[in-house]
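Okay, structure first, notes after.
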Protein chains: 2
Amino acid sequence: MLRKSKQRDTILRAIKNSSNHLGADRVYDLVKKEIPNISLGTIYRNLKLLAQAGEIRELEIPGISSRFDGTTSNHHHLICEKCGRIFDWDELTDPAMEARIAKKTGFKVKARYLKFIGLCYDCQKSSKNS
Amino acid sequence: MLRKSKQRDTILRAIKNSSNHLGADRVYDLVKKEIPNISLGTIYRNLKLLAQAGEIRELEIPGISSRFDGTTSNHHHLICEKCGRIFDWDELTDPAMEARIAKKTGFKVKARYLKFIGLCYDCQKSSKNS
DNA sequence: CTATGTGCAAAATTTTTGCAAGCTT
DNA sequence: AAGCTTGCAAAAATTTTGCACATAG
């Protein structure tokens with residue numbers, strides 16, 4: 001059902017190739033270098049489709065617009081509250097917690113998102129000087 | 001620094017008294033019953049201030065506007081992808097993971113947010129009939 | 001050929017802000 | 001009085017959509 005399109009391919013590639021977690025506007029800027037007349041609407045449409053298809057992951061960070069992560073494997077995020085950078089952390093969450101959830105509430109977990117808010121190494125250092 | 005105001009008190013009370021996780025628009029509707037001429041801007045301003053003050057917690061849910069949680073103790077959320085309801089789950093995350101994060105990256109965790117996406121009990125039942 | 005994808009522009013949503021007047025302390 | 005708050009309305013910022021044309025399968 002999802003056809004191939006130069007726009008979608010380029011968008012996906014931009015996200016996968018970036019080590020950052022890009023917002024729609026950043027993706028737009030990047031893709032425009034290759035397809036100058038692409039429209040923002042196309043970016044949003046494809047971001048949504050790609051996220052639904054499981055090709056990318058949408059992240060929600062307090063206060064800012066959605067970011068997209070080209071890594072879809074189970075991993076978590078460390079978000080620095082000072083500089084705003086997002087770091088990945090690869091480690092599985094405890095499956096036993098999900099078992100307890102299922103047992104007590106009947107809720108069937110399909111995905112888990114763990115995010116840590118705090119201060120990155122760099123920002124801890126710099127805040128000591130102020 | 002934070003003064004007392006009828007508006008802010010009412011907003012906070014609305015959130016604390018609700019077992020749901022309200023969005024700004026819902027808070028607006030509720031508070032308007034008590035203070036008919038309150039403005040949406042005031043709702044947003046206070047929601048942000050209260051969240052910063054740690055009185056409430058802002059939740060980010062994929063695709064929808066921010067929700068606010070009157071329970072600020074460490075707990076997690078189960079989000080049903082079908083009906084959209086949000087359930088609370090009280091259990092601590094593994095402190096050992098944070099120790100490993102600190103050791104490897106130097107990131108200092110101040111808060112953690114774990115959210116589970118899946119199907120609630122009711123929706124699992126109803127989807128079997130379709 | 002048919003259904004999906006695109007660019008463009010307008011619109012919808014959600015959130016923020018400037019300002020003059022009102023409260024708190 | 002000084003400074004935080006508020007209501008109002010305008011503006012920003014972000015995301016979605018309608019439509020006619022282009023393109024993939």
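Just so we're on the same page: letters track the sequence lines, and every chain starts at 1.
For the pair A:K48 NZ and C:dT6 P, the interatomic distance rounds to 15 Å; values are reported in whole Å. One atom, CD of A:E58, and another, C1' of D:dT16, lie 13 Å apart when rounded to the nearest Å. Atom P of nucleotide C:dG5 and atom CG of A:L50 are separated by 10 Å, given to the nearest angstrom. Here D:dT5 presents its P atom at 14 Å from CG of B:L47, a figure rounded to the nearest Å.
Residue pairs that meet the ring pair (Phe, Tyr, Trp, His ring centres under 6.0 Å) test with at least one member in residues 16-37 of chain A, sequence neighbours left out, are A:H21-A:H77. For residues 90-122 of chain B, the set of pairs meeting the ring pair (Phe, Tyr, Trp, His ring centres under 6.0 Å) definition, not counting sequence neighbours, is empty.
B:L49 is linked by a side chain to side chain contact (heavy atoms under 4.5 Å, CB included) to B:L2, B:R8, B:N46, B:Q52, counting only residues two or more places apart in sequence or in another chain. In terms of the salt bridge (charged side-chain N to carboxylate O under 4.0 Å, His left out) criterion, A:D25 has no residue partners (sequence neighbours excluded). Considering only residues two or more places apart in sequence or on other chains, B:E58 meets the salt bridge (charged side-chain N to carboxylate O under 4.0 Å, His left out) condition with none of them. Qualifying salt bridge (charged side-chain N to carboxylate O under 4.0 Å, His left out) partners for A:D29, counting only residues two or more places apart in sequence or in other chains: A:R26.
Taking every heavy atom of residues 27-44 of chain B and every atom of DNA chain C, pairs under 4.0 Å involve B:L40, B:G41, B:Y44, by number. Of the residues in residues 1-24 of chain B, B:R3, B:K4 come within less than 4.0 Å of DNA chain C through at least one heavy atom, sorted by number.
Atoms CG and CG, from A:D69 and A:N20 in turn, are 10.5 Å apart once rounded to the nearest 0.5 Å. Between A:D88 atom CG and A:L78 atom CG the span is 8.0 Å, to the nearest 0.5 Å.
With a 4.5 Å cut-off on side-chain heavy atoms, B:D94 and A:D94 do not count as touching. Within the 4.5 Å cutoff, the side chain of B:T71 has no heavy atoms near those of the B:R57 side chain.
Residue-level contact check: B:N46 touches the backbone only, with heavy atoms under 4.0 Å from sugar-phosphate atoms and none from bases.
Other residues, nucleotides and ligands contribute more than 12 heavy atoms inside 6.0 Å of the NZ atom of B:K16.
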Under 3.5 Å, which donor-acceptor pairs do the side chains of residues 30-38 of chain B form with other protein atoms, sequence neighbours left out?
from	atom 1	to	atom 2	distance (Å)
B:E34	OE2	B:R13	NH1	3.1

Extract from the structure each pairing of a protein N or O with an N or O of nucleotides 18-22 of chain D at less than 3.5 Å, listing the distance.
from	atom 1	to	atom 2	distance (Å)
D:dG18	O6	A:R45	NH1	3.4

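Computed from C1' positions of five pairs at each end, the angle between the two local axes of the helix from C:dC1-D:dG25 to C:dT25-D:dA1 equals 40°, rounded to 10 degrees.
Its side chain outside the 4.5 Å cluster rule for every partner, A:L92 clusters with none of the Ile, Leu, Val, Met, Phe, Trp and Tyr residues.
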